[in-house]
Amino acid sequence: CLALGVSFSSEGTELLLKEYPQLIKEQNRAAAYQLNETLTDSRNLLISEKEALRQHYMIASIMAICAVILICLLSLNFYFYLKNKYDSLTKVLSRRQFDKDYVRGNYTGLMICDIDYFKKCNDTFGHAFGDHVIMTVAQTLIKSSGKNYDVYRYGGEEFCILAKVKDQDVLLQCAEKLRENIEALKWDNDMHVTISIGTAFHTEGDKLFSIADQRLYQSKNSGRNCVN
């Protein structure tokens with residue numbers, strides 16, 4: 001009655017009863033409109049959050065793919081690095097790595113080692129046993145030389161060793177030790193494996209490879225199984 005501005009008279013009561021359904025209808029319409037607005041806002045917010053979530057998922061997926069690609073590239077790069085640096089058969093340093101280190105010149109001496117009569121070994125016992133001989137000789141050279149020497153497989157049955165020693169006598173002593181240790185190796189088929197070695201020291205000039213190579217041939221021509 002207060003809302004309609006009338007008193008509690010019979011006329012007011014009748015007017016109230018007459019207008020009440022319209023008031024309820026208008027209130028319901030307003031409430032429905034407000035509810036619709038709320039639902040619309042909620043739906044738009046949900047759509048926005050869903051779109052943001054989709055974008056975040058897409059960004060995360062792209063980042064994950066990029067991470068996988070990066071890991072693959074790094075792994076591939078490391079694989080080729082190891083492949084170029086180390087010989088696949090013997091696991092000692094490779095010819096490619098020797099060429100790099102030889103040019104750098106961070107050493108004082110060089111030894112070139114060659115397995116004697118290796119072709120005869122291959123022809124007699126087969127290439128599988130020949131590979132076994134090469135691998136065994138390579139590991140013996142590493143174990144017998146020490147930390148101041150880097151062992152490389154130069155090609156076939158030939159190995160190069162770059163040394164960081166103070167004088168030539170130490171280099172020659174190491175070469176002789178290598179020769180003796182290779183000669184002392186025992187084989188299942190009673191085969192006798194030896195190596196010939198040519199050496200060169202930095203005080204003899206800047207063409208160490210040529211000097212060591214010439215001395216290797218001197219060892220070969222002197223009956224093999226010796227050091228020059």
Side-chain angles (χ1 to χ4, degrees), residues 77-118 121 129-187 191-228:
N77 183 62
F78 186 64
Y79 166 77
F80 283 113
Y81 166 77
L82 294 179
K83 185 177 181 180
N84 290 331
K85 186 171 184 178
Y86 295 97
D87 177 66
S88 59
L89 176 64
T90 61
K91 309 309 177 187
V92 301
L93 295 167
S94 66
R95 163 71 180 273
R96 186 187 296 267
Q97 190 63 36
F98 173 81
D99 291 340
K100 293 180 181 179
D101 294 345
Y102 182 77
V103 171
R104 291 191 184 107
N106 189 24
Y107 52 88
T108 58
L110 169 66
M111 291 182 275
I112 303 179
C113 313
D114 189 78
I115 302 175
D116 297 326
Y117 302 110
F118 183 73
C121 169
F129 182 76
D131 288 346
H132 173 61
V133 170
I134 290 175
M135 289 187 290
T136 304
V137 168
Q139 294 305 311
T140 303
L141 292 176
I142 290 178
K143 294 177 182 178
S144 302
S145 55
K147 64 180 182 179
N148 292 323
Y149 301 84
D150 292 322
V151 180
Y152 306 79
R153 186 185 181 196
Y154 192 74
E157 69 274 20
E158 194 170 53
F159 297 88
C160 290
I161 302 175
L162 292 176
K164 300 176 183 178
V165 293
K166 293 182 178 180
D167 58 69
Q168 192 168 10
D169 289 339
V170 175
L171 182 71
L172 292 172
Q173 289 172 8
C174 179
E176 185 60 31
K177 178 183 177 182
L178 297 177
R179 186 199 65 78
E180 291 175 354
N181 289 352
I182 297 298
E183 185 180 21
L185 291 173
K186 304 297 182 182
W187 307 91
M191 181 181 172
H192 189 57
V193 175
T194 61
I195 61 172
S196 299
I197 303 176
T199 68
F201 202 63
H202 71 101
T203 55
E204 299 179 282
D206 57 353
K207 297 182 179 180
L208 294 190
F209 192 89
S210 296
I211 296 172
D213 196 41
Q214 291 174 6
R215 289 175 178 168
L216 172 62
Y217 281 102
Q218 291 176 11
S219 296
K220 292 288 188 181
N221 294 331
S222 299
R224 294 177 169 80
N225 191 25
C226 62
V227 174
N228 269 285

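Position 1 is the first residue of the sequence; numbering continues from there.
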Discussion item. Run E158 and L216 through side chain to side chain contact (heavy atoms under 4.5 Å, CB included) and show every step you take.
Written reply: CA-CA 11 Å; E158 194 170 53; L216 172 62; 3.4 Å; yes

Item to complete: Evaluate the criterion side chain to side chain contact (heavy atoms under 4.5 Å, CB included) for residue pair Q168 and E204; output intermediate values, then yes/no.
Response: CA-CA 10 Å; Q168 192 168 10; E204 299 179 282; 3.4 Å; yes

Worksheet item: Where do N106 and D101 land on the side chain to side chain contact (heavy atoms under 4.5 Å, CB included) test, with the steps shown first?
Response: CA-CA 7 Å; N106 189 24; D101 294 345; over 6 Å; no

Discussion item. Does I195 form a side chain to side chain contact (heavy atoms under 4.5 Å, CB included) with D114? I'd like the steps, not just the answer.
Written reply: CA-CA 5 Å; I195 61 172; D114 189 78; over 6 Å; no

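Considering SG of C121 and CD1 of I134, their distance stands at 8.5 Å, rounded to 0.5 Å. Note: Y117 OH to H192 NE2 = 10.5 Å, rounded to the nearest 0.5 Å. Here the straight-line distance linking atom SG of C113 with atom CG of L141 works out to 5.5 Å at 0.5 Å rounding. Note that CD of Q214 is 10.0 Å distant from NZ of K207, once rounded to the nearest 0.5 Å. To the nearest 0.5 Å, the span separating CD on E176 from CZ on R179 amounts to 4.0 Å.
Taking the six-membered ring wherever Trp is involved, the centroid distance between the rings of H132 and W187 falls below 6.0 Å. The six-membered or imidazole ring of Y154 lies near that of F98, with a centre-to-centre distance under 6.0 Å.
Using modelled atom types, one finds no donor on one side chain facing an acceptor on the other under 3.5 Å when comparing D87 with S94. Q173 and D169 form no side-chain donor-acceptor contact under 3.5 Å, judged by distance and modelled atom types alone.
Nearest heavy atom pair, residue C160 against residue L110, reads CB-CD1, 4.3 Å. Nearest heavy-atom pair, T90 versus A138, reported as atom, atom and distance to 0.1 Å: CB-CB, 3.7 Å. For L185 against T136, the heavy-atom pair with the smallest separation is CD1-CG2, 4.0 Å. When all heavy atoms are compared, the tightest approach of T194 to E183 is CG2-CG, 4.2 Å. Taking every heavy atom of both residues into account, S219 and S196 meet most closely at CB-CB, 3.9 Å. Closest heavy-atom contact between Q139 and V92: NE2-CG1, 4.4 Å.
A salt bridge is absent between K177 and E180; no separation between the charged side-chain nitrogens and carboxylate oxygens falls under 4.0 Å. Comment: R95 engages D99 in a salt bridge, judged by a side-chain N to carboxylate O separation of less than 4.0 angstrom.
Within the 4.5 Å cutoff, the side chain of L93 has heavy atoms near those of the D150 side chain. Considering only heavy atoms from C-beta on, L178 comes within 4.5 Å of I161 through its side chain. Between V133 and F118, some side-chain heavy-atom pair lies under the 4.5 Å cut-off. Side-chain contact check for R153 versus F159: some heavy-atom pair is nearer than 4.5 Å.
Checked by atom type and distance alone, the side chain of T108 pairs as donor or acceptor with a backbone atom of V165 at under 3.5 Å. For D213 (side chain) and F209 (main-chain N/O), no donor-acceptor pair under 3.5 Å exists by modelled atom type.
Each of N225, N228, D116 was scored for a side chain to side chain donor-acceptor pair (under 3.5 Å) with K220, with one residue passing: D116.
Residues that satisfy the salt bridge (charged side-chain N to carboxylate O under 4.0 Å, His left out) test with R224, not counting sequence neighbours, are absent from this structure. For Y107, the ring pair (Phe, Tyr, Trp, His ring centres under 6.0 Å) partners two or more places apart in sequence, or in a different chain, are Y102.
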